[in-house]
Novice: 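Pasting a structure here, questions to come.
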Amino acid sequence: YCDFCKCSFPDNATNRQKHNNGAVHKSNRQFHYDWFKEPEEFIQEQMNKPPCRHYLSQGYCNYQLQCRYSHITYDPTGQVIYPPELLNWLQERQRADQAAMMAVKTTATASGDINKNPKYRLPRGWKVRELPPSLKPPPPSQPYSWNNSGFWD
């Protein structure tokens, strides 16, 4: 099972190598890791790319944020014009950040003490129901023995 592509394939070295070297997998992996970058860093990376000629001439590019070229343009006065897909990405990040902050505040309020032992939570933008099978916690309805589990220090 590939967590980035959300697909399964027969598990052997050839299939794994073929899948991991595929363009779709590489794109999905890059998109996943881009989500955890700071917005300023992500925008700067987009601005550092050379301009996309197709986007400049047609006003649209099928690759959107995954394009190897920049879709950021400038108006005649030199003001930056961000493409719609980048604005949507920034809005999604802002919503995820706000949801994470609300979850932290709710947890702190419910516990009665903000400085008490910290509660573990998922990274920004992650939801338990969207986790890949390899990262989902065991179901609460079934007993689970933690005796054979490894822990990181």
Novice: Rounded to the nearest 0.5 Å, how far does OH of Y69 lie from NE2 of H54?
Specialist: 12.5 Å
Novice: At what distance, to the nearest 0.5 angstrom, does CD of Q46 lie from CD of Q44?
Specialist: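 It is 10.5 Å, given to the nearest 0.5 Å.
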Novice: How long is the gap from OH on Y1 to SG on C7, to the nearest 0.5 Å?
Specialist: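 Answer rounded to 0.5 Å: 7.5 Å.
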Novice: For the residue pair W35 and E92, establish whether any side-chain heavy-atom pair is separated by less than 4.5 Å.
Specialist: yes
Novice: So, using side-chain hydrogen bond (donor to acceptor under 3.5 Å, both in side chains) as the criterion, who are the partners of Q64 when residues are at least two apart?
Specialist: none
Novice: For E40, give me all partners under salt bridge (Lys or Arg N to Asp or Glu O under 4.0 Å), at least two apart in sequence or on another chain.
Specialist: none
Novice: Transitively linked via ILVMFWY side-chain contacts under 4.5 Å: L56 with M47?
Specialist: no
Novice: Applying salt bridge (charged side-chain N to carboxylate O under 4.0 Å, His left out), which residue pairs with at least one partner in residues 41-58 are found, sequence neighbours left out?
Specialist: K37-E45
Novice: Given side chains that start at C-beta, do those of C67 and C52 come closer than 4.5 Å, heavy atoms only?
Specialist: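 SC-SC contact between C67 and C52 confirmed.
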Novice: Which residues satisfy the side-chain hydrogen bond (donor to acceptor under 3.5 Å, both in side chains) test with N62, sequence neighbours excluded?
Specialist: none
Novice: When the side chains of residues 74-90 are checked against the rest of the protein, which donor-acceptor pairs come out under 3.5 Å, sequence neighbours left out?
Specialist:
residue : atom : partner : partner atom : Å
D75     : OD1  : T77     : N            : 3.1
D75     : OD1  : T77     : OG1          : 2.8
D75     : OD1  : G78     : N            : 3.0
D75     : OD1  : Q79     : N            : 2.7
D75     : OD2  : T77     : OG1          : 3.2
E85     : OE2  : H71     : ND1          : 2.8
N88     : ND2  : P84     : O            : 3.4

Novice: Sequence neighbours left out, what passes side-chain contact (heavy atoms from CB on, under 4.5 Å) with Q66? Give chain and number order.
Specialist: S27, Q30, F31
Novice: Test of understanding: with side-chain contact (heavy atoms from CB on, under 4.5 Å), list the residues that count as partners of H32, not counting sequence neighbours.
Specialist: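 Listed in chain order: F4, F36, W126.
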Novice: According to salt bridge (charged side-chain N to carboxylate O under 4.0 Å, His left out), does anything in residues 17-33 pair up with another residue at least two apart or in another chain? List the pairs.
Specialist: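 Passing the test, one end in residues 17-33: no pairs.
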Novice: Quick check: do C2 and F9 have side-chain heavy atoms less than 4.5 Å from each other?
Specialist: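 Of all side-chain heavy-atom pairs linking F9 with C2, at least one is under 4.5 Å.
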Novice: For the CG atom of N48 and the CD1 atom of I43, what is their distance to the nearest 0.5 Å?
Specialist: 12.0 Å
Novice: Filter on salt bridge (charged side-chain N to carboxylate O under 4.0 Å, His left out), then keep only pairs touching residues 1-17, sequence neighbours left out; what's left?
Specialist: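 Every pair satisfying salt bridge (charged side-chain N to carboxylate O under 4.0 Å, His left out) with a residue in residues 1-17: D11-R16.
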Novice: Using the test side-chain contact (heavy atoms from CB on, under 4.5 Å), find all partners of A99 that sit at least two apart in sequence or belong to another chain.
Specialist: none
Novice: Tell me, please, which residues at least two apart from Q94 pass side-chain hydrogen bond (donor to acceptor under 3.5 Å, both in side chains).
Specialist: none
